[in-house]
Amino acid sequence: MFFDYLVLGAAGEFLNIGDILATLVIFIGLMLLLKKFAWGPLMGVMQQREELIKSEIETAENSRLESQKLLEEQRSLLKDARTQAQEIVENAKKQGEVSREEIITTARAESGRMKEAAVQEIANERDKAISAVREEVVALSLLAATKVLEKEISEEDNRQLINETIAKAGEVQ
């Protein structure tokens with residue numbers, strides 16, 4: 001009585017246990033066959049595909065990290081290059097300013113030296129001119145005195161007359 005329900009196609013009151021068990025056995029058998037012939041290779045292919053995708057994701061992530069690292073290095077190098085270029089420009093400006101100051105200082109020193117030499121030369125020429133004028137005045141005074149007196153004077157009178165004439169000539173200038 002109990003096993004009547006296990007027969008396929010047997011009509012029961014409200015549940016046909018036989019149909020259920022047969023369906024269950026067929027389903028389990030089908031599952032076992034699928035597992036042996038289809039799921040194993042299918043799961044192997046799926047697992048390989050999963051590993052391939054995982055490795056590609058890891059490769060892509062590594063590539064992204066590597067490119068990020070290279071980008072940071074390039075930015076750092078660019079920043080360093082800009083800093084060095086700025087330093088070079090600043091050093092060139094400072095060097096140019098130092099050179100300009102040296103040139104100005106040298107030119108001022110040279111002009112001062114030339115001015116001082118010119119002043120000294122003028123003073124020397126003035127002294128020479130004064131000496132020449134004095135000698136000329138002395139000679140003229142002697143000549144004039146000789147002509148005025150038309151007589152010979154003593155050496156001492158002559159010297160005194162010369163000194164007085166020189167003194168007067170110095171006062172005139």
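None of the values given here were measured: they were computed from a predicted structure. Note that these values count all heavy atoms, side chains included, but never hydrogens, waters or copies made by symmetry.
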Any chance you could pull the hydrophobic cluster mates of [X], using side-chain heavy atoms under 4.5 angstrom and chaining through other members?
{"X": "Val45", "result": "none"}
{"X": "Ile122", "result": "none"}
{"X": "Val25", "result": "none"}
{"X": "Leu33", "result": "Phe37"}

Contacts of [X] that satisfy salt bridge (charged side-chain N to carboxylate O under 4.0 Å, His left out) - sequence neighbours left out:
{"X": "Arg64", "answer": "Glu61"}
{"X": "Arg100", "answer": "Glu97"}
{"X": "Glu72", "answer": "Arg75"}

Single-linkage hydrophobic cluster, 4.5 Å side-chain cutoff, Leu30 and Trp39 together: yes
Using the side chain to side chain contact (heavy atoms under 4.5 Å, CB included) criterion, which residues pair with [X]? Sequence neighbours excluded.
{"X": "Glu73", "result": "Lys69, Leu70"}
{"X": "Lys93", "result": "Val89, Glu90"}
{"X": "Leu24", "result": "Ile28"}

Stepwise side-chain contact (heavy atoms from CB on, under 4.5 Å) test for Gln74 and Leu78: CA-CA 6 Å; Gln74 292 298 320; Leu78 183 61; over 6 Å; no
Supply the atom-to-atom distance [X] [atom1] to [Y] [atom2], rounded to the nearest 0.5 angstrom.
{"X": "Lys94", "Y": "Ser99", "atom1": "NZ", "atom2": "OG", "result": "14.0 Å"}
{"X": "Glu58", "Y": "Leu65", "atom1": "CD", "atom2": "CG", "result": "11.5 Å"}
{"X": "Ile57", "Y": "Asn62", "atom1": "CD1", "atom2": "CG", "result": "12.0 Å"}
{"X": "Met114", "Y": "Ser111", "atom1": "CE", "atom2": "OG", "result": "8.0 Å"}

Within residues 29-49 or reaching into it, pairs that qualify as salt bridge (charged side-chain N to carboxylate O under 4.0 Å, His left out) - sequence neighbours excluded: none
Residue pairs passing the salt bridge (charged side-chain N to carboxylate O under 4.0 Å, His left out) test where at least one lies in residues 104-118, sequence neighbours excluded: Glu110-Arg113
Residue from Ile104, Thr105, Val98 passing side chain to side chain contact (heavy atoms under 4.5 Å, CB included) with Glu102: Val98
